[in-house]
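The structure appears below as structure tokens.
The first residue in the sequence is number 1, and the count goes up from there.
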Amino acid sequence: MFERFSGGYYVGRLYVEPSDGETAAMCREQHERVNRELYATGEGVERTDLPLVMKLGERHFPVQGDEEVPADTLAVPESYLDDARVRNPPTLKEVLLAKADRARQLLTLTSGAAV
């Protein structure tokens, strides 16, 4: 789903579509799998429900898991679509996923809000 892109990010392709929510979401099962594979340290029991941090266009934002979001889809608030120049959603787009240390840094700086 995601592959190495740079020192701070992975890259993947997801269908981006609008949501009525205030936060971004993706398929819960995929969210937990990405958490396990890319954010877990392998030390003890770890949470798999922590927000992932993604970047679409110029905006970073936390992403939660949601059972109602289809696989391979990123559901984002309507305003994010304009910022990322997404036309005629759902649209297949490249999405950056912050690596674990970068995600922690971004969430700490923004208290979990979109940046």
Reported CD-to-CD distance for the pair Glu37 and Glu32, which is rounded to 0.5 angstrom: 12.0 Å
Residues forming a side chain to side chain donor-acceptor pair (under 3.5 Å) with Asp72, sequence neighbours excluded: Gln30
With a 4.5 Å cut-off on side-chain heavy-atom distances among I, L, V, M, F, W and Y, is there a chain of contacts connecting Val86 to Val69? no
Could you tell me if the side chain of Glu78 sits less than 4.5 Å from the side chain of Leu81, heavy atoms only? yes
Output the distance between atom CZ (Arg104) and atom CG (Leu106), rounded to the nearest 0.5 Å. 11.5 Å
Quick check for you: to the nearest 0.5 Å, what is the distance between Tyr80 atom OH and Thr23 atom OG1? 7.5 Å
Give the minimum heavy-atom separation between Ala103 and Tyr39, together with the two atoms involved. CB-OH, 3.3 Å
Met1/Val34 under side chain to side chain contact (heavy atoms under 4.5 Å, CB included): CA gap, chis, key distance, verdict: CA-CA 8 Å; Met1 174 176 255; Val34 169; 3.8 Å; yes
Looking at Ala71, is its backbone amide N or carbonyl O close enough to the side chain of Thr73 to form a donor-acceptor pair, meaning the two atoms are under 3.5 Å apart? yes
What is the distance from atom CZ of Arg13 to atom CD of Glu94, rounded to the nearest 0.5 Å? 5.5 Å
Please test Tyr15 against Thr91 for side chain to side chain contact (heavy atoms under 4.5 Å, CB included), starting from the C-alpha separation and ending with a verdict. CA-CA 5 Å; Tyr15 286 96; Thr91 302; over 6 Å; no
Decide side chain to side chain contact (heavy atoms under 4.5 Å, CB included) for Phe61 and Val53; before the verdict, give the C-alpha distance in whole Å, the side-chain angles of both, and the deciding distance to 0.1 Å. CA-CA 6 Å; Phe61 48 88; Val53 176; over 6 Å; no
Under 4.5 Å between any side-chain heavy atoms of Ser79 and Arg59, yes or no? yes
Does the side chain of Pro62 come within less than 4.5 Å of Met54's, by heavy atoms? no
Return yes if some donor-acceptor pair links the side-chain N/O of His31 with the main-chain N/O of Val63 below 3.5 Å, else return no. yes
Taking side-chain contact (heavy atoms from CB on, under 4.5 Å) as the test, write out the residues that go with Tyr10, two or more places apart. Phe2, Arg4, Leu38, Leu97, Lys99
Kindly indicate whether the side chain of Pro18, heavy atoms from C-beta on, has any atom under 4.5 Å from the side chain of Val76. no
Which distance, rounded to the nearest 0.5 Å, do you find between the OG of Ser6 and the CG of Leu96? 7.0 Å
To the nearest 0.5 Å, atom SG of Cys27 lies from atom CZ of Arg33 at 7.5 Å
Stepwise side chain to side chain contact (heavy atoms under 4.5 Å, CB included) check, Arg102 with Lys55: CA-CA 12 Å; Arg102 179 79 170 132; Lys55 182 177 180 185; over 6 Å; no
Kindly indicate whether the side chain of Leu92, heavy atoms from C-beta on, has any atom under 4.5 Å from the side chain of Leu14. no
